[in-house]
Student: 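Have a look at this one before I ask anything.
Computed from heavy atoms alone, side chains included, the values below leave out hydrogens, waters and symmetry copies.
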Amino acid sequence: MEYDVLVIGAGAAGLMTAIVAGGRGRRVLVVDHANRAGKKILMSGGGRCNFTNTATSPANFLSANPHFCKSALARYTPWDFIAMVDRHRIAWHEKAPGQLFCDDSSKQIVRMLLDECAAVGVRVETGCPVSRLRAAAGGFACDTPLGHVRAASLVVATGGLSIPSLGATGFGYEVATQFGHAVLPVRAGLVPLTLSGKHQERFEGLSGVALPVEARANGAAFRDAMLFTHRGLSGPAILQISSYWEPGTDLRIDLLPGRDAGEALREGRAERPVAELKTVLSGLLPRRLAERLCEVWLPNKPMRQFRDAELNAMGAQLADWPVVASGTEGYRTAEVTLGGVDTDEVSSSTMMSRRQPGLFFVGEVLDVTGHLGGYNFQWAWASGHAAGLAV
């Protein structure tokens, strides 16, 4: 079988590449070893798909080369994707500032992408792994359950290692290495953190407690909700900071973000001088957490017995609470994979390899990782669009 373009991976980036290429009259085949297209799209956003973020900018992405994502993001914006969604009459809403979700189901986004593929003659085959992939005269060749396939252009849209239960593998990294590309070290990102030993024991029984915090590590800070789990810490603030945290990195939590904790404690003393610290703290934090803080770290006594200096010191402690995480929950629950194909060897305007003509990399397989909130989908659309114009 002869095609102009072979896309490996029927996820967000692969399908977008195919749509744009097909719209240019290219003969496109999309293959995926999974049993259905867009599996990660289907489970995203609690089944409603946070398909973009209107606040997308290069500052929302991590990469060894922070400039790499600029060109593609500038040429395909969130509004371009929204226009496609609107054209298919998919109702959506803004759940948090900039974060857009389907009103109904993420299945609508996958259906839209497959319908767009069909409209431009793209062939999409699932349950279709490739083997014996190689460079061949005039492009690339591989074997599939469909038969022998040859294509002038090869697009690697296989994603990263996150959520192996959905079929994630390191195949894209293997292809990159096969064709002489460097692959930067990979690790789980946007993932819950785990605690162990005494650090876990101190928070035992707090599973399910959530509160707004500011999490800080490696110069990054995110203000959002934090959730205590049986294994450690989760919630949006923790998922965000996990992409910056590594074992041994100092992790700090402001338990009362946007407030002067010392001042809040002094006000609590003035209003309730005979109340114990844990009671006053329960008015500022979830009760179970306040009680645990006073059991393990803070002296619990009537507020009138604290001097200003003591309350200020406790306030400073609450605003800069040290957490010693032991690790992460890993790729099993990670939303993204940090690291990947080194962007120094890929064109930022076309996504084509600088080492192998006709070879393209799009989406998560590249060393470009977005923050939580629709940014990774926007990178998939933008990088796929860039490649689709060039294949």
Side-chain angles (χ1 to χ4, degrees), residues 3-34 36-41 51-52 68-69 71-78 80-81 83-85 109-126 128 130 133 139-140 142 144 149-160 171-172 175-176 179 181 340-341 343 346-354 356-368 370 376-391:
Y3 288 88
D4 296 317
V5 184
L6 172 63
V7 179
I8 305 177
L15 293 175
M16 178 58 82
T17 304
I19 291 164
V20 177
R24 294 172 50 235
R26 312 294 277 164
R27 294 170 302 151
V28 184
L29 171 65
V30 181
V31 298
D32 199 304
H33 73 108
R36 64 190 303 183
K39 276 195 163 184
K40 207 166 181 183
I41 299 173
F51 57 81
T52 192
F68 178 81
C69 65
S71 175
L73 291 174
R75 288 182 295 131
Y76 192 84
T77 71
D80 293 315
F81 191 77
M84 184 190 295
V85 171
I109 297 295
V110 175
R111 184 74 265 154
M112 175 189 77
L113 295 170
L114 292 176
D115 286 348
E116 288 278 329
C117 282
V120 293
V122 170
R123 181 178 180 182
V124 179
E125 294 286 348
T126 54
C128 188
V130 301
L133 180 64
F140 303 86
C142 68
T144 75
V149 176
R150 297 175 70 93
S153 296
L154 173 66
V155 181
V156 180
T158 51
F171 182 75
V175 174
F179 288 104
H181 277 265
V341 177
T343 58
V346 178
S347 166
S348 63
S349 59
T350 66
M351 304 295 129
M352 188 168 80
S353 164
R354 299 188 190 279
Q356 180 73 38
L359 175 64
F360 296 78
F361 297 94
V362 294
E364 191 182 346
V365 73
L366 286 161
D367 173 37
V368 177
N376 287 291
F377 274 126
Q378 187 56 36
W379 171 244
W381 315 137
S383 60
H385 179 265
L389 291 174
V391 290

Student: I want to check something: taking the side chain as every heavy atom from C-beta on, are Leu154 and Leu133 in contact at a cut-off of under 4.5 Å?
Tutor: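 Yes, at least one pair of side-chain atoms sits under 4.5 Å.
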Student: Give, for atom CZ of Phe377 and atom CE of Met16, the distance between the pair rounded to the nearest 0.5 Å.
Tutor: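 The distance works out to 11.5 Å.
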Student: Considering all heavy atoms of both residues, which atom of Ala21 and which atom of Val28 are nearest to each other, and what is their separation?
Tutor: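 Smallest heavy-atom distance, with atoms named: CB-CG2, 3.9 Å.
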Student: Compare all side-chain heavy atoms of Glu125 with those of Thr144 and state whether any distance is below 4.5 angstrom.
Tutor: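 A side-chain contact is absent here, since even the closest heavy-atom pair is not under 4.5 Å.
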Student: Quickly, which of Arg150, Arg27, Arg24 forms a salt bridge (Lys or Arg N to Asp or Glu O under 4.0 Å) with Asp4? Name it, please.
Tutor: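 Of the listed options, the one satisfying the test is Arg27.
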Student: Using modelled atom types only, decide if a donor and an acceptor are shared between the side chain of Ser383 and the backbone of Gly363 within a distance under 3.5 Å.
Tutor: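 The answer is yes, because a donor-acceptor pair under 3.5 Å joins these two groups.
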Student: With a 4.5 Å heavy-atom cut-off, do Asp32 and Val124 have their side chains touching?
Tutor: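 The answer is no, as the side chains (C-beta and beyond) never meet within the 4.5 Å cut-off.
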Student: How many angstroms lie between CZ in Arg123 and CG in Leu6, if you round to the nearest 0.5 Å?
Tutor: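 Arg123 atom CZ to Leu6 atom CG measures 11.5 Å (nearest 0.5 Å).
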Student: Measure the spacing between CZ of Phe68 and OG of Ser349 and express it to the nearest 0.5 Å.
Tutor: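 Output value for this atom pair is 8.5 Å.
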Student: Is the distance between the ring centroids of Phe171 and His33 under 6.0 Å?
Tutor: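 Centroid distance Phe171-His33: not below 6.0 Å, so no.
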Student: Parallel, tilted or perpendicular: which describes the rings of Tyr76 and Phe81, with under 30° parallel and over 60° perpendicular?
Tutor: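 Judged by the thresholds at 30° and 60°, the geometry between Tyr76 and Phe81 is perpendicular.
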Student: Side-chain contact test, heavy atoms from C-beta onward, threshold under 4.5 Å: evaluate it for Phe361 versus Val368 and give yes or no.
Tutor: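 The answer is no; the side chains never approach within 4.5 Å.
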Student: Any side-chain heavy atom of Phe360 sitting closer than 4.5 Å to one from Thr17?
Tutor: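 With C-beta onward as the side chain, the pair stays apart.
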Student: For a quick test of reading the model, state the closest non-hydrogen atom pair linking Thr126 to Ala37 and the distance between them.
Tutor: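 Answer, listing the atom of Thr126 first, then Ala37: CG2-N, 3.6 Å.
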Student: Please name the pair of heavy atoms, one in Ser353 and one in His181, separated by the smallest distance, quoted to 0.1 Å.
Tutor: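 Minimum heavy-atom contact is OG-NE2, 2.6 Å.
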Student: Roughly how far, to the nearest 0.5 Å, is the CE atom of Met84 from the CZ atom of Phe51?
Tutor: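 Atom-to-atom, Phe51:CZ and Met84:CE are 11.5 Å apart.
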Student: Would Val7 and Val122 satisfy side-chain contact (heavy atoms from CB on, under 4.5 Å), going step by step from the backbone distance to the final call?
Tutor: CA-CA 10 Å; Val7 179; Val122 170; over 6 Å; no
Student: Do Glu364 and Asn376 touch side chain to side chain, with heavy atoms closer than 4.5 Å?
Tutor: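 The answer is no; the side chains never approach within 4.5 Å.
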Student: Minimum heavy-atom separation for Val341 and Ala176, please, with both atom names.
Tutor: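 The pair with the smallest heavy-atom distance is CG2-CB, 3.7 Å.
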Student: Among residues at least two apart in sequence or on other chains, which ones pass ring pair (Phe, Tyr, Trp, His ring centres under 6.0 Å) with Phe179?
Tutor: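 Checked Phe179 against ring pair (Phe, Tyr, Trp, His ring centres under 6.0 Å); matches are Phe140.
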Student: State, yes or no, whether a side-chain contact exists between Leu73 and Trp379 at a heavy-atom distance under 4.5 Å.
Tutor: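 Yes, side chains in contact.
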Student: Would you say the side-chain atoms of Arg26 pair up with the backbone N or O of Val5, donor to acceptor, closer than 3.5 Å?
Tutor: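 Checking the backbone N and O of Val5 against the side chain of Arg26, no donor-acceptor pair under 3.5 Å is found.
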Student: My understanding is that only residues two or more places apart in sequence, or in another chain, count here; which of them pass salt bridge (charged side-chain N to carboxylate O under 4.0 Å, His left out) with Asp80?
Tutor: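 If we apply the salt bridge (charged side-chain N to carboxylate O under 4.0 Å, His left out) test to Asp80, skipping adjacent residues, there are no hits.
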Student: Compare every heavy atom of Val31 with every heavy atom of Val130, then report the nearest pair and how far apart it is.
Tutor: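 Smallest interatomic distance, heavy atoms only, reads CG1-CG2, 3.7 Å.
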Student: Take atom CZ in Arg75; do more than 12 heavy atoms of anything else shown fall under 6.0 Å from it?
Tutor: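 Enclosed.
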Student: Can you name the nearest heavy-atom pair linking Ile41 to Leu113, along with the distance?
Tutor: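 Smallest interatomic distance, heavy atoms only, reads CD1-CD1, 3.8 Å.
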Student: What distance do Met351 atom CE and His385 atom NE2 have between them, rounded to the nearest 0.5 Å?
Tutor: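 Interatomic distance, Met351 CE to His385 NE2, rounded to 0.5 Å: 11.5 Å.
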Student: Do Val156 and Leu359 have side chains that get closer than 4.5 Å, going by heavy atoms?
Tutor: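 Side-chain contact under 4.5 Å: yes.
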Student: How many angstroms lie between SG in Cys142 and CG in Leu29, if you round to the nearest 0.5 Å?
Tutor: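 Spacing of SG (Cys142) from CG (Leu29) equals 8.0 Å.
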